[in-house]
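Take a look at the structure set out below.
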Amino acid sequence: MQMLFSGMFIPTLKENPQEAEIISHRLMLRAGMIRKLAAGIYSYLPLGFKVLKKVENIIRSQMNSAGAQELLLPTLHPRHLWEETGRWNEYGKEMLKVLDRHKREFGLGPTHEEIITDLARREIKSYRQLPLILYQFQTKFRDEIRPRFGIMRCREFLMKDAYSFDKDAEGLAKNYDKMYETYNNIFTQCGLEFKLVEADPGLIGGSVSHEYMVLADTGEEELLTCQKCDYAIKAKAEHNLTSCPKCKGKFASIRGIEVGHIFQLGTKYSDLLKANFLDENGKQTPFVMGCYGIGVSRIVAAAIEQSHDDDGIIWQMPIAPFEVLILPISIADDKIMKVSGELYKKLKKEGIDVVLDDRDEQAGVKFKDTDLIGIPIRITVGTKTIKENNVEIKLRKDKNSFKEKISETPCKVKELLKNMK
RNA sequence: CGGGGCGUGGCGCAGUUUGGCUAGCGCGCCUGCUUUGGGAGCAGGAAGUCCCCGGUUCGAAUCCGGGCGCCCCGACCA
């Protein structure tokens with residue numbers, strides 16, 4: 001597929017829209033990644049969607065490596081299933097509800113314990129089919145009390161939710177650990193700086209639960225982190241700790257954005273929904289379950305909160321919408337366009353996610369947009385450097401650029417990419 | 001839901017206090033020419049239910065009443 005900037009739908013904005021206050025919201029609007037339809041309801045434009053997909057793919061490959069299997073569950077949930085667990089009322093106003101033509105009630109799925117457990121009770125009959133981890137990427141609906149911060153807290157958002165089924169607590173502990181590790185890998189691979197904290201299971205239920213917090217000043221959650229080890233705890237959790245219980249180090253107060261939450265559910269849902277299998281002794285036994293969520297769309301916002309400057313977004317390579325942007329200073333100059341076009345083809349051939357800014361705009365406009373959108377590697381092809389058979393390479397995160405021989409550029413870019421992944 | 005703020009071409013705003021003539025500015029958009037290394041210059045042009053409904057008035061973006069929408073602070077969450 002040709003990635004020519006001129007043909008792409010990336011409506012960038014020069015000014016800050018007044019509707020947006022926090023940085024990620026402002027920058028996503030300005031970079032042409034998202035547009036608002038209503039409060040807490042957003043469209044993802046091609047650039048935003050591309051980033052979302054990159055995050056999704058990182059999660060998918062890690063989940064698959066952990067042996068989890070992807071499926072897709074329905075969005076419309078019949079009322080009776082949620083009544084079986086008592087959550088039709090318990091979840092209350094947060095669940096959006098709809099009627100069909102026969103006036104039957106459905107909820108728009110805010111989470112899928114009921115659905116997956118119903119599937120398990122119908123299909124998993126024997127301990128021989130366990131353990132099992134199933135997951136999906138799906139749009140979730142939650143009628144939040146107060147949607148805010150753009151994509152950060154939405155009424156409609158993309159979530160990865162996984163559910164594990166085991167024959168006993170030991171199996172659950174194993175799967176939980178596996179997911180715990182997998183989540184660490186996922187957030188690390190996304191290039192995020194994060195902390196793990198113990199959490200309150202809340203409405204989802206269960207006993208053990210951990211949250212993954214991306215560190216950012218605008219985070220909604222206040223955390224206490226140990227300055228010596230990596231221990232962290234929610235500030236509002238009920239405790240009287242003045243120093244780290246692990247190493248007695250001092251606490252520092254920081255803020256975090258919750259991007260992932262894992263739970264040991266135990267038999268809460270399998271009991272309520274009578275989801276049983278036959279164990280080795282031929283005895284009906286409830287599944288021992290865990291559930292594991294990641295706010296995919298929220299990761300995108302959190303990544304921006306964590307990495308930006310006055311000029312715009314600074315993407316970490318693995319989730320950048322493009323890895324490389326080639327910026328010809330003038331499209332009227334045949335030599336510049338020839339070099340740019342050839343470079344583009346070569347990088348493309350190497351499987352590099354490259355875009356050519358072939359727009360008939362002033363150089364300044366292109367520079368500003370590249371910075372705003374936050375492409376990690378920029379290759380500028382200009383009259384001055386081209387005479388010496390050079391191009392200029394600049395990393396978004398660095399202040400200064402450097403020159404590189406045109407012929408060496410593909411190699412150099414490959415090397416840079418290797419170091420930045 | 002309680003508290004605060006906002007609503008005027010696509011975006012950012014002025015005008016509203018003290019009602020008045022054709023609703024204005026910057027950016028963006030279209031056409032042409034000139035420019036071309038950090039958001040260009042000149043000329044011409046398109047684009048508006050001034051959030052909606054009702055009221056007051058000779059006359060309403062502006063005053064009054066009601067409603068809706070959006071943002072921020074609190075409870076909620078991935």
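In what follows, chains are A, B, ... by sequence order, proteins preceding strands, each numbered from 1.
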I'd like a list of close polar pairs between nucleotides 3-7 of chain B and the protein, N/O only, cut-off under 3.5 Å.
| unit_1 | atom_1 | unit_2 | atom_2 | d |
| --- | --- | --- | --- | --- |
| B:rC6 | O2' | A:Gln18 | NE2 | 3.4 |

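Of the residues in residues 144-153 of chain A, those placing a heavy atom less than 4.0 Å from an atom of RNA chain B are A:Glu144, A:Ile145, A:Arg146, A:Arg148, A:Phe149, A:Met152, A:Arg153, in numerical order.
Comparing the C1' positions of B:rG39 and B:rC11 gives an interatomic distance of 14 Å, to the nearest angstrom. Using atom C1' as the reference point in both B:rC77 and B:rG3, the two lie 22 Å apart (nearest Å). On the C1' atoms, B:rC27 is 26 Å away from B:rU62, given to the nearest whole Å. Rounded to whole Å, the separation between the P atoms of B:rU18 and B:rC64 comes to 10 Å. For the C1' atoms, the distance from B:rU8 to B:rG48 is 8 Å, rounded to whole Å. B:rG67 and B:rG7: their C1' atoms are spaced 14 Å apart (whole Å). Spacing of C1' atoms, B:rG4 relative to B:rG9, comes out at 29 Å, to the nearest Å. Here, B:rC58 and B:rG69 have their C1' atoms 34 Å apart, quoted to the whole Å.
Residues passing the salt bridge (charged side-chain N to carboxylate O under 4.0 Å, His left out) test with A:Glu105, sequence neighbours excluded: A:Arg79. Not counting sequence neighbours, the partners of A:Glu388 by the side-chain hydrogen bond (donor to acceptor under 3.5 Å, both in side chains) test are A:Asn390. In this structure A:Leu272 satisfies the side chain to side chain contact (heavy atoms under 4.5 Å, CB included) test together with A:Thr85, A:Lys268, sequence neighbours excluded.
Donor-acceptor pairing under 3.5 Å is lacking for the side chains of A:Thr385 and A:Glu392.
Checked against the 6.0 Å centroid threshold, A:His77 and A:Phe141 do not count as a close aromatic pair.
Taking atom NE2 of residue A:His25 and atom C1' of nucleotide B:rC71, one finds them 9 Å apart after rounding to whole Å. To the nearest angstrom, C1' of B:rC72 lies 15 Å from CD1 of A:Ile23.
Judged by Watson-Crick or G-U wobble contacts below 3.5 Å, the nucleotide B:rA14 has no partner. The partner of B:rU49, taking Watson-Crick or G-U wobble pairs whose two distances both stay under 3.5 Å, does not exist in any strand shown. Base pairing annotation: B:rG44 forms a Watson-Crick or G-U wobble pair with B:rC30, both donor-acceptor distances under 3.5 Å. With both pairing distances under 3.5 Å, B:rG59 is matched to nothing as a Watson-Crick or G-U wobble pair.
Salt-bridge annotation for A:Glu342 and A:Lys346: absent, with no side-chain N of the basic residue lying under 4.0 Å from a carboxylate O of the acidic one. Between A:Arg155 and A:Asp143 there is a salt bridge, since at least one side-chain N of the basic residue sits less than 4.0 Å from a carboxylate O of the acidic one. In summary, A:Arg359 and A:Asp369 engage in a salt bridge, as defined by a charged side-chain N under 4.0 Å from a carboxylate O.
A:Tyr212 comes within 4.0 angstrom of no nucleic acid atom, judged by non-hydrogen atoms across all strands.
Proximity note for A:Glu221 (side chain, C-beta onward) versus B:rA78, B:rC77, B:rC11: the nearest is B:rC77.
To the nearest 0.5 Å, atom OH of residue A:Tyr231 and atom NZ of residue A:Lys195 are 11.5 Å apart.
Aromatic ring pairs are classed by plane angle as parallel below 30°, tilted from 30° to 60° and perpendicular above 60°; the pair A:Tyr212 and A:Phe194 is tilted. Under the 30°/60° scheme for interplanar angles, the aromatic rings of A:Tyr176 and A:Tyr180 are found to be tilted.
A donor N or O paired with an acceptor N or O is not found under 3.5 Å between the base of B:rG69 and the side-chain atoms of A:Glu19.
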- Heavy-atom protein contacts under 4.0 Å, nucleotides 33-41 of chain B, coded B base, S sugar-phosphate only, - none: ----BBBB-
